[in-house]
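All of these numbers come straight from a predicted model, not from anything done at the bench. Computed over heavy atoms, backbone and side chain alike; hydrogens, waters and symmetry mates excluded. Quick note on labels: first sequence line is chain A, next is B, and so on, each numbered from 1.
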2 protein chains.
Amino acid sequence: MAKVTPNSGSPRIREGGAVREVLDRIGDKWSLLVIGTLRAGPLRFGELEAAVAGISQRMLTLTLKHLVEDGLVARTAYAEVPPRVEYELTELGRTLVPLVMALAEWAMANREQINANRSGHAGGQGRP
Amino acid sequence: MAKVTPNSGSPRIREGGAVREVLDRIGDKWSLLVIGTLRAGPLRFGELEAAVAGISQRMLTLTLKHLVEDGLVARTAYAEVPPRVEYELTELGRTLVPLVMALAEWAMANREQINANRSGHAGGQGRP
DNA sequence: CCGTATCCTGTGGGATACTG
DNA sequence: CAGTATCCCACAGGATACGG
């Protein structure tokens with residue numbers, strides 16, 4: 001990741017540059033899942049941890065921190081005891097929801113097909 | 001990525017499961033970029049390498065191999081000299097194009113906003 | 001031209017334990 | 001409850017060199 005994509009020699013800005021840049025942010029292992037999980041409304045840390053199956057405390061903390069930094073998620077801490085913290089999508093974050101949902105639907109619709117291809121990749125299902 | 005997500009003991013298929021599964025396939029550093037690049041039609045290996053700025057030979061080879069295995073891309077080798085190989089999207093692969101393009105457009109439309117948030121994250125742009 | 005084979009590094013990310 | 005701190009390893013992925 002890191003390096004800002006050299007873009008070696010290309011005179012015009014490649015659309016790919018912006019895409020890569022954003023993909024490096026939200027294209028990690030958990031960001032899209034967290035965003036998708038927050039689509040219905042604010043959730044507490046613990047609720048998120050339970051909802052996003054398989055995520056570790058550490059990764060949830062880090063992912064949320066990044067999303068907050070990027071302005072996709074807002075964090076609200078209530079000064080009470082026991083402490084309560086809620087996370088919700090910002091305006092910007094919500095604009096991503098339709099895309100995430102589309103991706104999720106595509107995933108569910110096509111994963112069997114893909115798994116089938118992987119096992120015995122018969123091959124001829126796409127020839128145009 | 002790596003570990004196949006144990007999903008230990010979960011009796012019912014979590015929707016998150018399918019999403020994660022597919023995300024692990026196409027959510028890597030290059031797959032979506034390659035798919036997006038192939039949207040207009042077949043391209044040769046070298047053309048792809050030039051079009052996807054920053055990708056290394058190795059990663060292009062690996063990414064294409066995975067995409068072919070998953071049935072998203074078709075590979076056609078012409079037995080001539082010098083050798084020529086063309087890659088193009090399969091039917092299945094093409095169904096992903098709209099999503100990729102949507103993501104790309106979102107990326108281009110919002111990267112400045114995100115970058116601004118990152119630098120001095122002023123904060124108040126999303127309060128619902 | 002189109003790959004494959006090695007080598008090597010950075011780092012994503014899990015497990016675990018501790019704090020406010 | 002909501003994090004932070006450490007440790008540690010697998011593996012993504014770049015550089016380079018070689019084969020058909």
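When the nucleotides D:dG20, D:dT4, D:dC1 are ranked by their closest atom to the side chain of A:Q57, D:dT4 comes out on top. Comparing C:dG13, D:dC1, D:dG20 by their closest approach to the side chain of A:M59 singles out C:dG13. Considering only side-chain atoms of A:V85, the nucleotide from C:dG13, D:dA2, D:dG13 that sits closest is D:dA2.
Side-chain N/O atoms of A:R84 include none lying less than 4.0 angstrom from OP1 or OP2 on D:dA2. Between A:R75 and D:dG3, a side-chain N or O to OP1/OP2 separation shorter than 4.0 Å is present. For C:dG3, the OP1/OP2 oxygens have a side-chain nitrogen or oxygen of B:Y87 closer than 4.0 Å. One finds no side-chain N or O of B:K65 lying less than 4.0 angstrom from the OP1 or OP2 phosphate oxygen of C:dG3.
Rounded to whole Å, the distance from CG on B:L23 to C1' on C:dG12 is 15 Å. We find that NZ of B:K29 is positioned 18 Å from P of D:dC11, with the value rounded to whole Å. The CG atom of B:D24 sits 18 Å away from the P atom of D:dA10 (whole-angstrom rounding). What separates CG of B:D28 from P of D:dG14 is a distance of 11 Å, to the nearest Å. Between A:R20 atom CZ and D:dG14 atom C1' there is a gap of 14 Å when expressed in whole angstrom units. One atom, CG of A:L48, and another, P of D:dC1, lie 14 Å apart when rounded to the nearest Å. To the nearest angstrom, C1' of C:dG12 lies 12 Å from CH2 of A:W30. Here D:dA2 presents its P atom at 10 Å from CD of A:E80, a figure rounded to the nearest Å.
For the pair B:G46 and B:R58, nearest-nucleotide mapping onto DNA chain C gives the more 5' position to B:G46. Comparing A:P82 and A:T61 along DNA chain D, the residue whose closest nucleotide (by nearest heavy atom) sits nearer the 5' end is A:P82.
Remark: B:R111 is not positioned above the aromatic ring of B:W106, lacking an NZ or CZ atom under 6.0 angstrom from the ring centre and at most 45 degrees off the axis.
Remark: side-chain polar atoms of B:T90 are paired, donor with acceptor, to backbone N or O of B:G71 under 3.5 angstrom. In this structure, the side chain of A:R94 does not engage the main chain of A:L72 through any donor-acceptor pair within 3.5 Å. In this structure, the side chain of B:D28 engages the main chain of B:W30 through a donor-acceptor pair within 3.5 Å.
Note: B:I114 CD1 to B:S119 OG = 11.5 Å, rounded to the nearest 0.5 Å.
At a threshold of 4.0 angstrom between heavy atoms, the contacts of A:S56 are confined to the sugar-phosphate backbone, with no base atom among them.
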